[in-house]
Amino acid sequence: MPAIKKEIPKKDKEAVKPELFQSPKGMHDILPAEWILRDKVYKVAKEIAEFYNFSKIETPILENVELFVRGVGEVTDIVEKEMFTLRTKGGDKLALRPEITAPVMRSYLQHGSHKLPQPLKLYYLGPVFRHEKPQAGRYRQFTQLGFEIVGGESDPLYDAQSIIATYRFLEEVKVKNMTVQINSIGCRVCRPNYRRRLVEYYKKQKICKDCANRLDKNPLRLLDCKNEICAPVKIGAPSILDSLCSACKAHFKEVLEFLDEVGIPYSLNSHLVRGLDYYNRTVFEIFTEGSDLALASGGRYDYLAEMLGGRATPATGVAVGMERIIETVRADTAYQNHRFRPKVFLIHVGEVTKKKGLALIEEFRRENMPILEALGKDSLSAQLERAAKMKSPIALIFGQKEAYEESIIIRDMENGVQESVPLSKVVEEVKRRLKA
Ligand code: AMP
């Protein structure tokens with residue numbers, strides 16, 4: 001009896017095929033082609049950090065949730081809405097870091113770094129996570145470069161230095177038409193005065209629901225509100241610069257004088273407050289023309305160490321959003337022509353040559369000579385095509401006959417001229433030809 005073929009209903013067939021996975025919303029793969037530009041930007045970051053004597057620090061991607069609740073502040077968007085949190089099997093509540101300043105300070109306090117020569121100048125480069133609404137320039141995983149100057153005095157020089165390092169980095173990676181917006185938000189002495197004036201002002205205005213809720217807890221944040229009801233109200237809000245105590249005024253004046261000295265242009269923005277609780281005195285943001293998304297943001301945070309249970313430790317710093325930088329400079333001609341170091345291409349024909357081919361690659365490595373290969377199953381013509389595409393000046397063709405005779409063919413890819421040389425001499429010969 002012939003077998004009865006049971007038809008799978010169409011609907012079930014479809015159900016069998018799993019859907020392809022996508023990366024999580026707002027989080028992106030950084031594919032190989034993208035790394036050419038990104039690596040260049042990272043290289044400049046490292047050079048600038050080293051020039052200004054910042055040492056590298058890396059902290060874990062996960063931290064205790066409480067670090068951010070206490071450090072960044074409970075009534076901030078980051079902590080209220082944007083943290084990715086998880087509970088470990090042991091019951092610890094951790095967060096994917098939404099910023100790296102609090103972790104750096106945690107590390108400084110944990111390791112008793114105040115015993116080292118002060119201040120500590122630290123830089124970091126790594127991923128940050130925020131559960132924001134994804135859009136251009138706003139992602140759920142992005143990369144921050146940060147410069148932090150921790151310890152020492154609350155010296156305005158350090159505020160200026162973190163701005164200078166950032167500005168020079170941005171210049172060097174070819175960000176054009178920059179504006180540094182800067183303000184001082186005072187200290188424990190003078191800020192309460194300003195808060196009172198601000199609350200008095202806002203109580204008389206029509207504001208959005210969120211702001212009405214924040215008015216008592218964190219009134220400075222009302223100046224950050226982008227809601228269309230609140231935006232025009234901000235224009236008439238009192239300026240904090242009128243409420244600064246004499247010490248904060250003098251501090252701010254000196255920061256500006258240092259910037260003048262090195263020719264960094266800035267514009268005062270008395271409504272710039274920054275959303276996070278840990279800032280005092282200087283705050284700043286750097287923009288490029290045509291975008292209202294900050295490329296870099298920072299300020300002084302003299303109280304953070306105490307907020308984390310540590311000794312009083314003056315500090316100042318900045319975080320730069322690398323994706324925003326990369327998007328800004330992508331079209332610049334400096335990134336259009338990639339100069340490749342030409343690489344020799346090893347072509348093999350047949351299985352036997354694979355083993356010897358592998359050994360030959362090792363010989364090239366010992367001489368620090370880059371070599372490309374396609375030790376897969378491609379045909380001779382496909383491999384030659386690939387060598388031409390990769391703009392290899394020389395191809396080494398290793399066939400069965402050559403493997404048997406311990407020789408190899410050197411092909412000049414420009415004119416197609418081929419010559420057979422002993423295998424033991426090939427590295428030397430290639431070196432000679434590349435030098436010529
Ligand atoms: P903040 O910690 O919010 O001051 O951010 C510091 C810098 O990180 C900003 O100036 C931006 O360049 C960048 N940044 C902040 N949020 C995002 C985001 N969601 N996506 C990409 N970059 C961001």
Side-chain angles (χ1 to χ4, degrees), residues 23-30 34 38 41-42 45 59 61 63 67-69 71-73 75-84 95-105 123-148 159 162-163 165-167 169-170 173 175 178-183 185 218 220-221 223-226 269 272-280 282-301 304 315-330:
S23 62
K25 210 169 154 190
M27 302 185 178
H28 303 285
D29 299 317
I30 307 168
E34 183 62 20
R38 192 173 273 253
V41 173
Y42 282 15
T59 59
I61 282 168
E63 293 275 356
L67 172 69
F68 302 110
V69 175
V72 175
V75 193
T76 56
D77 279 349
I78 290 186
V79 169
E80 273 179 337
K81 306 179 194 156
E82 296 169 1
M83 271 204 294
F84 287 92
L96 282 168
R97 60 186 184 191
E99 58 95 65
I100 311 186
T101 299
V104 166
M105 185 56 93
Y123 85 96
Y124 58 77
L125 179 65
V128 168
F129 304 83
R130 292 187 194 169
H131 194 270
E132 296 194 82
K133 195 167 164 225
Q135 51 190 283
R138 206 177 282 285
Y139 311 109
R140 289 188 174 172
Q141 176 175 340
F142 56 100
T143 316
Q144 280 189 343
L145 161 71
F147 298 118
E148 312 282 3
D159 304 56
S162 63
I163 297 173
T166 311
Y167 196 88
F169 163 67
L170 295 174
V173 294
V175 174
M178 275 186 265
T179 345
V180 179
Q181 295 202 9
I182 190 164
N183 192 24
I185 55 168
N218 194 351
L220 260 66
R221 271 197 59 209
L223 294 170
D224 261 347
C225 184
K226 304 278 183 299
N269 174 357
L272 177 68
V273 290
R274 314 272 299 112
L276 321 183
D277 275 5
Y278 54 58
Y279 286 116
N280 68 309
T282 318
V283 289
F284 65 92
E285 289 191 328
I286 304 182
F287 295 87
T288 182
E289 204 176 16
S291 171
D292 58 359
L293 292 176
L295 295 180
S297 335
R300 176 160 284 286
Y301 52 96
L304 176 61
T316 182
V318 55
V320 186
M322 294 305 248
E323 283 72 15
R324 289 186 190 172
I325 306 296
I326 288 165
E327 288 319 310
T328 305
V329 302
R330 183 181 298 284

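Predicted model only: the values in this text are computed from it and were never measured. Start at 1 with the first residue, then count along the sequence. Both ligands and their constituent atoms are indexed starting at 1 by order of listing.
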After noting the C-alpha distance and the side-chain angles of Gln181 and Phe287, does the key distance pass the side chain to side chain contact (heavy atoms under 4.5 Å, CB included) rule? CA-CA 8 Å; Gln181 295 202 9; Phe287 295 87; 4.0 Å; yes

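- Atoms of ligand 1 found under 4.0 Å from any heavy atom of Ala319, numbered from 1 in the order shown, are 6 (C), 7 (C).
- Among protein heavy atoms, atom 20 (N) of ligand 1 sits closest to Tyr139 N, 2.9 Å.
- Ligand-side atoms of ligand 1 in range of Arg138: 18 (C), 19 (N), 20 (N), range being under 4.0 angstrom from any heavy atom.
- Counting only heavy atoms of the protein, atom 19 (N) of ligand 1 lies nearest to Glu132 OE2, 2.6 Å.
- Residue contacts with ligand 1, taken as heavy atom pairs separated by less than 4.0 Å, do not involve Arg140 at all.
- In this structure, Asp77 pairs ionically with Arg221, as a charged nitrogen and a carboxylate oxygen lie closer than 4.0 Å.
- The protein non-hydrogen atom at the shortest distance from atom 6 (C) of ligand 1 is Gln144 NE2, 3.2 Å.
- Among protein heavy atoms, the minimum distance from atom 10 (O) of ligand 1 is reached at Ser297 OG, 2.6 Å.
- For the pair Thr76 and Gly73, the tightest heavy-atom approach, listed with the atom from each and the gap, is OG1-O, 2.7 Å.
- Nearest heavy-atom pair, Phe68 versus Val79, reported as atom, atom and distance to 0.1 Å: O-CG2, 3.4 Å.
- Contact atoms of ligand 1 toward Leu295: 10 (O), 12 (O) (distance under 4.0 Å to a heavy atom of the residue).
- Partner of Ile286 under the side-chain contact (heavy atoms from CB on, under 4.5 Å) criterion, chosen from Leu170, Ile182, Val175, Val320: Leu170.
- Near Ala296, meaning under 4.0 Å from one of its heavy atoms, ligand 1 places the atoms 10 (O).
- Remark: minimum distance from atom 13 (C) of ligand 1 to any protein heavy atom is reached at Gly321 CA, 3.6 Å.
- Using 4.0 Å as the threshold, Arg324 has a heavy atom nearer than that to some atom of ligand 1.
- Numbered from 1 in the order shown, with element, the atoms of ligand 1 that lie under 4.0 Å from a heavy atom of Arg274 read 1 (P), 4 (O).
- Among Phe142, Phe287, Phe129, the residue whose heavy atom sits closest to atom 23 (C) of ligand 1 is Phe142.
- Neither the backbone nor the side chain of Leu293 comes within 4.0 Å of ligand 1, counting heavy atoms alone.
- Ion pairing between Arg138 and Glu132 holds under the 4.0 Å rule for side-chain N and carboxylate O.
- For Ile78, no nitrogen or oxygen atom sits less than 3.5 Å from a nitrogen or oxygen atom of ligand 1, counting backbone and side chain alike.
- Ligand 1 has at least one atom lying under 4.0 Å from a heavy atom of Arg130.
- Between Glu327 and Arg324, no side-chain nitrogen of the basic residue sits less than 4.0 Å from a carboxylate oxygen of the acidic one, so the salt-bridge criterion is not met.
- Of all non-hydrogen atoms in Thr316 and Gly299, the two that sit nearest each other are OG1-O, 3.3 Å.
- By the neighbour-count criterion of 12 heavy atoms within 6.0 Å, atom CD of Gln135 is densely surrounded, having more than that number from other residues, nucleotides or ligands.
- Taking only nitrogen or oxygen atoms, main chain and side chain alike, Ala294 reaches within less than 3.5 Å of ligand 1.
- Glu99 and Arg130 are not joined by a salt bridge, as no carboxylate oxygen comes within less than 4.0 angstrom of a charged side-chain nitrogen.
- A donor-acceptor contact closer than 3.5 angstrom links the side chains of Tyr301 and Glu148.
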